[in-house]
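These notes are about the structure you will find just below.
As the structure lists them, so they are numbered: ligands from 1, and atoms in each ligand from 1.
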Amino acid sequence: MSRPDSLTFPPHLIPPLSPYLPRPDSRREDPSSLPFLTLTYAASLDSMLSLAPGVRTALSGPLTKSMTHHLRTRHSAILIGVNTALADDPALNSRLVGAPLSSQPRPVILDPEARWDFTSQSKVIQLAERGEGKAPFVVAGEGVEVSDERRSLLERAGGKFLALRRGKDGGKRFDWGDVLRLLKSEGLDSVMVEGGGEVINSLLGKEGNRYVDSVIVTIAPTWLGKGGVVVSPERSEGAQLRLRDVVWQGYGEDVVLCGRIER
Ligand SMILES: NC(=O)c1ccc[n+]([C@@H]2O[C@H](COP(=O)([O-])OP(=O)(O)OC[C@H]3O[C@@H](n4cnc5c(N)ncnc54)[C@H](O)[C@@H]3O)[C@@H](O)[C@H]2O)c1
Ligand SMILES: Nc1nc(=O)c(N)c(NC[C@H](O)[C@H](O)[C@H](O)COP(=O)(O)O)[nH]1
């Protein structure tokens, strides 16, 4: 029997997305390559991800929601920042009908200060225990203390804490190159970055955007208004950040924009 929230993605929508997605096994042979990185999120007409920090806000319609769940099966990892984990109690699996565990992405939470307060009741842990998704890898700052209890809760579900040196900005963020090398060393060859705002803006910034292989954005026909979490990266001197190889497609009332960063 299918689960109550199981989704289907119409097969005719797959070919137009494929040029923007990692090819299976394409990077596996080359140990020096970094994982393929797809940046994907849903935004309002005023480039907002949510009504306010810490508030989960549904933007995608049924078709773009099913697209996101298709994208999840096409990547080996799905990455979010800790504020999104705190705000959303996310599932981070694919709810496509019949998606086997082998096609589920590995959730990765960037959590430099180990702030994510997951419990055995957290959705992502419960799904992992039921075999409906993989347990998360939590990337915490090197030397940050994590209790044995939390560590073993995560490990029992099949996940783990990974320690990573923190970046130069007072230790609040990781460097994207370090994150991607760490994921590669864990056998993860492709990653979709879903958010939230800080993660997306830093990835689109000067240091981060060189690692982005493709961008897939859902735009929903609504304005969330001032005060929301906005996608608007720091400006790099002298250069506007732009997409090339751009394709727009109507998905019901939403639009999906695919492209690659112009270098
Ligand atoms: N519409 C969407 O597609 C979408 C997607 C994801 C999240 N959201 C929403 O976004 C909001 C959360 O966004 P946010 O901006 O508050 O936080 P966020 O989820 O981007 O988390 C930010 C935190 O991640 C950590 N981090 C580690 N390395 C980092 C790096 N290199 N760059 C940036 N952060 C790094 C830091 O601790 C930082 O404070 C929530 O309301 C959530 O519902 C919406
Ligand atoms: N595509 C998309 N459309 C939306 O309308 C919306 N709100 C998100 N939000 C993404 C989301 O905030 C995080 O990536 C999660 O936290 C994943 O959570 P789920 O696995 O869906 O529970 N994403």
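- Its side chain outside the 4.5 Å cluster rule for every partner, Leu101 clusters with none of the Ile, Leu, Val, Met, Phe, Trp and Tyr residues.
- The only member of Arg151, Arg156, Arg150 that meets side chain to side chain contact (heavy atoms under 4.5 Å, CB included) when paired with Leu153 is Arg156.
- Nearest to atom 23 (C) of ligand 1 among the protein's heavy atoms is Val82 CG1, 3.8 Å.
- Among the atoms of Glu198, some N or O lies under 3.5 angstrom from an N or O of ligand 1.
- Protein heavy atom closest to atom 31 (N) of ligand 1, with residue, atom name and distance, is Phe174 O, 2.9 Å.
- For ligand 1, the atoms closer than 4.0 angstrom to any heavy atom of Val55 are 41 (O), 43 (O).
- Defined by atom type and a distance below 3.5 Å, a donor-acceptor pair is missing between the side-chain atoms of Trp116 and Ser122.
- In terms of protein heavy-atom proximity, atom 6 (C) of ligand 1 is nearest to Glu194 O, 3.2 Å.
- A donor-acceptor contact shorter than 3.5 Å links the side chain of Asp46 to the backbone of Gly225.
- Counting only heavy atoms of the protein, atom 7 (C) of ligand 1 lies nearest to Thr84 OG1, 3.2 Å.
- Looking at ligand 1, you won't find any N or O of Ala43 less than 3.5 Å from one of its N or O atoms.
- Counting all heavy atoms, side chain and backbone alike, Ala135 lies closest to Gly158 at CB-C, 3.5 Å.
- Sorted by chain then number, the residues whose non-hydrogen atoms approach ligand 2 to under 4.0 Å are Ala42, Arg56, Thr57, Ala58, Leu59, Ser60, Thr68, Arg72, Ile80, Thr84, Asp88, Pro90, Ala91, Leu92, Arg95, Glu194.
- Contact between Ala85 and Ile80 at its shortest, heavy atoms only, is N-CD1, 3.7 Å.
- Under a 4.0 Å criterion applied to the non-hydrogen atoms of Tyr41, ligand 1 contributes the atoms 3 (O).
- Protein heavy atom in closest approach to atom 16 (O) of ligand 1: Asn83 ND2, 3.3 Å.
- Heavy atoms of Ile80 stay at 4.0 angstrom or farther from ligand 1.
- Ser190 and Ser76 form a side-chain donor-acceptor contact under 3.5 Å, judged by distance and modelled atom types alone.
- Contacts of Arg173 with ligand 1, taken as heavy-atom pairs under 4.0 Å, involve both backbone and side chain.
- Side-chain atoms of Asp111 never come within 3.5 Å of backbone atoms of Val139 as a donor-acceptor pair (strictly under, hydrogens ignored).
- Counting protein heavy atoms only, atom 14 (P) of ligand 1 is closest to Gly197 N, 3.7 Å.
- Here the side chain of Asp189 pairs no donor or acceptor atom with the backbone of His75 at under 3.5 angstrom.
- Closest heavy-atom contact between Leu49 and Ala42: CD2-O, 3.4 Å.
- With values rounded to the nearest 0.5 angstrom, Asp213 atom CG is found 11.0 Å from Leu39 atom CG.
- Residue Leu59 has no nitrogen or oxygen atom sitting less than 3.5 Å from a nitrogen or oxygen atom of ligand 1, judged on distance alone.
- For ligand 1, the atoms sitting less than 4.0 Å from at least one non-hydrogen atom of Trp176 are 31 (N), numbered in the order shown with element in parentheses.
- In terms of polar-atom proximity, Leu49 is counted as a contact of ligand 1, with an N or O under 3.5 Å from an N or O of the ligand.
- Between Met48 and Leu59, the shortest heavy-atom distance links the atoms O-CD1, 3.6 Å.
- Between Ser50 and ligand 1, a contact under 3.5 Å exists for at least one N or O pair.
- The nearest heavy-atom contact from the protein to atom 3 (O) of ligand 1 is Ala42 N, 2.9 Å.
- Residue Asp88 touches ligand 1 through its side chain alone, judged by heavy-atom distances below 4.0 Å.
- For ligand 1 and Ala52, the ligand atoms under 4.0 Å from any heavy atom of the residue are 41 (O).
- Glu113 and Arg166 are not joined by a salt bridge, as no carboxylate oxygen comes within less than 4.0 angstrom of a charged side-chain nitrogen.
- Counting heavy atoms under 4.0 Å from ligand 1, residue Ala85 does not touch it at all.
- Although no hydrogens or angles enter the test, the distance criterion places no donor-acceptor pair under 3.5 Å between the side chain of Ser214 and the main chain of Arg260.
- Only the backbone of Lys172 comes within 4.0 Å of ligand 1, counting heavy atoms alone; no side-chain atom from C-beta on gets that close.
- The side chain to side chain donor-acceptor pair (under 3.5 Å) test with Glu186 is passed by exactly one of Arg181, Arg106, Lys160: Lys160.
- Looking at atom 10 (O) of ligand 1, its nearest protein heavy atom turns out to be Gly196 CA, 3.8 Å.
- With rounding to the nearest 0.5 angstrom, the OG1 atom of Thr73 is 5.5 Å from the CG atom of Leu96.
- Checking only distances, Pro112 never comes within under 3.5 Å of ligand 1, N or O to N or O.
- Shown in contact with Arg115 at under 4.0 Å from a heavy atom are these atoms of ligand 1, numbered in order with element: 37 (O), 39 (O).
- Residues Tyr20 and Val247 meet the side-chain proximity criterion, which asks for heavy atoms closer than 4.5 Å.
- With contacts defined as side-chain heavy-atom distances shorter than 4.5 Å, the pair Leu45/Thr222 does not qualify.
- Of all atoms in ligand 1, listed by their number and element, those nearer than 4.0 Å to a heavy atom of Ser202 are 30 (C), 31 (N), 32 (N), 33 (C).
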